[in-house]
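Read the numbers this way: they start at 1 and go in the same order the structure lists the ligands and their atoms.
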Amino acid sequence: MKNEKEAAGGADSFDVVVIGGGPAGYPAAIRAAQNKLRVACIDEWKNRDGSAAFGGTCLNAGCIPSKALLESTELYHRVQEEFAAHGIKVSGATLDVAQMQKRKSGIVRGMTQGILALFKAAGVTPLQGHGTLGAGRRVDFTAHDGTRRALTARHVVLASGSVPIELRSAPFKPPHIVDSWGALDFETVPKRLGVIGAGVIGLELGSVWRRLGAEVVVLEALPDFLAFADQQLAREALKHFKKLGLDIRLGAKVTGAALAGGAVEVSYEDAKGAQRVGVDRLVVAIGRRPYSQELLGADSGVELDERGFIRVDEHCRTAVEGVWAIGDCVRGPMLAHKGKEEGVMVADLIAGRYGEVNYKVVPSVIYTAPEIAWVGLTEEQIKASGREYKSGVFPFLASGRARALEQATGFVKLLAARDDDEILGVHIIGPMAGELIAEAVLAMEYSASSEDLQRTIHAHPTLAEGLHEAALGADKRAIDSINR
Ligand code: FAD
Ligand code: AMP
């Protein structure tokens, strides 16, 4: 039977075969097709109900479902905490977690089906199943129904993504000990939720369930909160997360988790010694690792580094001519937009066009409330570099728009070089920080100075004025806040 199917499928040749249809792989496939190349995109993702879907981690189990739940739960929280200040009295607001989850699933379904529509319009051949790279850019494709095809390609783009890291001392045991995907699918609000890891994913998931009433304890091994972020921003963030009621324990290294009577007993060590905390559900969010299981045949020639990332140069070329790798499976921040830009760059380079990724201006966003976003260097990094700098900080308390929103918390901080006024970093905590950071990214992409931003008109009253005022503040020329 298999041989018959093999014969029916036969060998197939493409200009480009992309393995992985997440936010790195599918844009690579679309751009390659736009460049008039014959393209196939292979993806093996299967949802819990067995359905296959393009979009990878981001659309199915990451960025999109988490943002859907963050939005719903923030609305629920605001109804209770904020509406009264607006003079809106709401009594008896109740929670329908099943409807919240249904809405989330609908958004995910719509977005993932959208990729198939984009492929159809661009002329990309979608292939749902597993791909393995062999020698000579041969790709063995096994469809979900077991049908096999041998594909050949002038170029192969590897975009196999990443998977959650499992903690040896607290292995996954759904539904009690889960990864981030599991934590996005809870059908009821756990009374006590434990989160291991105060990184971006841990904080977003902790916020979702805290806003719905769970008692949330976050255990973080490092002594510093958001150690990778600007520390002024991190201090402000910690204050707000504590106010929300997240019990964040720093310097707490988890050493074990035992199931007992439907609950989880978590052991950890901190400065005071061995500790324990009981929770009903435990989310392990200690990071992700590159995924390349059965991606590379023994003769592929592609190399992995000591941490399992596919080894590439700055243009995402592997050691094998015509084989490229992009997204979470290669070095750099594990972010959807970083993978997307790498995909577009590679597809353009393959077509003989110009392609470049400016890794210095990859924005980071944490979609909590308040939102947190930054681009470029932190104050600590600039200090360590020895470069003289100036700083402008605009508090949202002084923003008419933020006050009208009843969200006048946080600030915009802009750091610029003393010598040539180049913008070195922008750090925002406050309403819509994830949207506001785009202006800073554009400014830095165009090598703008803080004076360029100072001389740019910003509509009033908008949150974006915060960046304008922070730029003015860097030269002690802010109008709407006191220059310090
Ligand atoms: P993936 O999205 O992991 O896609 C890889 C695809 O390749 C998968 O579908 C996989 O099944 C398939 N595949 C792998 N091997 C093979 C093979 N051999 N054959 C066929 N198919 C294969 N990032 C952001 O930028 N913003 C956010 O807000 C954000 N939120 C997140 C929230 C959560 C809870 C999580 C877990 C992640 C979040 N991320 C976010 C990170 C983001 O999801 C990843 O950076 C992004 O998905 C990486 O894209 P990728 O295409 O490299 O890999
Ligand atoms: P991120 O990589 O941004 O998703 O963050 C993961 C976080 O988990 C990091 O801040 C790690 O310090 C933290 N972490 C890793 N292992 C443990 C552990 N055993 N106990 C508590 N926190 C941990």
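- Only side-chain heavy atoms of S180 come within less than 4.0 Å of ligand 1; its backbone N, CA, C and O stay farther off.
- Not a single heavy atom of I201 sits less than 4.0 Å from an atom of ligand 2.
- The shortest contact between atom 12 (C) of ligand 1 and any protein heavy atom is with D43 OD1, 3.4 Å.
- Closest protein heavy atom to atom 20 (N) of ligand 2: V254 N, 3.0 Å.
- No part of F54 comes within 4.0 Å of ligand 1, judged by heavy-atom distances.
- The closest approach between G129 and ligand 1 falls below 4.0 Å for a heavy atom of the residue.
- Annotation: K253, atom NZ; neighbour count of heavy atoms from other residues, nucleotides and ligands within 6.0 Å does not exceed 12.
- Put simply, no part of K46 is less than 4.0 Å from ligand 1, judged by heavy atoms.
- Atom NE2 of H77 sits about 5.5 Å away from atom CG of L244, to the nearest 0.5 Å.
- Annotation: M432, atom CE; neighbour count of heavy atoms from other residues, nucleotides and ligands within 6.0 Å does not exceed 12.
- Around atom CZ of R353, no more than 12 heavy atoms belonging to other residues, nucleotides or ligands sit under 6.0 Å away.
- Scanning the protein for heavy atoms near atom 45 (O) of ligand 1, the closest one is D328 OD1, 2.9 Å.
- Atoms of ligand 2 lying under 4.0 Å from at least one heavy atom of G199, given by number and element, are 3 (O), 5 (O).
- If you number the atoms of ligand 1 from 1 as listed, the ones under 4.0 Å from a heavy atom of Y367 come out as 28 (O).
- The closest protein non-hydrogen atom to atom 22 (C) of ligand 1 is E44 CG, 3.5 Å.
- In terms of protein heavy-atom proximity, atom 37 (C) of ligand 1 is closest to I201 CD1, 3.8 Å.
- When non-hydrogen atoms are compared, ligand 1 lies under 4.0 Å from the side chain of S66 (C-beta onward) but not from its backbone.
- Using 4.0 Å as the threshold, A252 has a heavy atom nearer than that to some atom of ligand 2.
- An N or O contact shorter than 3.5 Å links E220 to ligand 2 by distance.
- When the shell of 6.0 Å around CD of E435 is examined, it contains 12 or fewer heavy atoms from other residues, nucleotides or ligands.
- Under the 4.5 Å side-chain criterion, counting only non-hydrogen atoms from C-beta, D247 is not in contact with V277.
- The shortest distance between side-chain heavy atoms of L436 and L467 does not fall below 4.5 Å.
- Every heavy atom of G339 sits 4.0 Å or more from the atoms of ligand 1.
- By the criterion of a heavy-atom distance under 4.0 Å, neither the backbone nor the side chain of W181 is placed next to ligand 1.
- Test R138, R38, R148 against D12 for salt bridge (charged side-chain N to carboxylate O under 4.0 Å, His left out) and you get one pass: R38.
- Scanning all protein heavy atoms for the shortest distance to atom 51 (O) of ligand 1 gives A24 N, 3.0 Å.
- A donor-acceptor pair is defined here as one N or O able to donate and one able to accept, closer than 3.5 Å; such a pair exists between the side chain of W209 and the backbone of A183.
- Counting non-hydrogen atoms of other residues, nucleotides and ligands closer than 6.0 Å to CZ of R331 gives a total above 12.
- Annotation: atom 16 (N) of ligand 2 to nearest protein heavy atom, I286 CG2, 3.7 Å.
- For ligand 2 and G197, the ligand atoms under 4.0 Å from any heavy atom of the residue are 7 (C), 8 (O), 13 (C).
- Taking a 6.0 Å sphere around NZ of K340, one finds it holds 12 or fewer heavy atoms contributed by other residues, nucleotides or ligands.
- Looking at L167 next to ligand 2, no N or O pair under 3.5 Å apart turns up.
- Residue A285 approaches ligand 2 through these ligand atoms, each under 4.0 Å from one of its heavy atoms: 6 (C), 8 (O).
- Only the side chain of I19 comes within contact range of ligand 1, with a heavy atom under 4.0 Å; no backbone atom does.
- For the pair A198 and ligand 2, the shortest N or O to N or O distance does not fall below 3.5 Å.
- Rounding to the nearest 0.5 Å places CG of L415 at 5.5 Å from CD of E379.
- Closest heavy-atom contact between R103 and A68: NH2-O, 3.1 Å.
- Among protein heavy atoms, atom 24 (C) of ligand 1 sits closest to A336 N, 3.5 Å.
- For the side chain to side chain donor-acceptor pair (under 3.5 Å) test with Y359, the passing option among E341, E314, E342 is E342; the others fail.
- Residue contacts with ligand 1, taken as heavy atom pairs separated by less than 4.0 Å, do not involve P164 at all.
- Heavy-atom separations between K338 and ligand 1 are all 4.0 Å or longer.
- Near A159, meaning under 4.0 Å from any of its heavy atoms, are these atoms of ligand 1: 5 (C), 6 (C), 7 (O).
- Counting only heavy atoms of the protein, atom 22 (N) of ligand 2 lies nearest to A221 N, 3.1 Å.
- Regarding atom 7 (O) of ligand 1, its nearest protein heavy-atom neighbour is G20 CA, 3.2 Å.
- Inclusion of T57 in the set of residues having an N or O under 3.5 Å from an N or O of ligand 1 is warranted.
- Closest protein heavy atom to atom 46 (C) of ligand 1: P23 CG, 3.6 Å.
- Nearest to atom 2 (O) of ligand 2 among the protein's heavy atoms is G287 CA, 3.6 Å.
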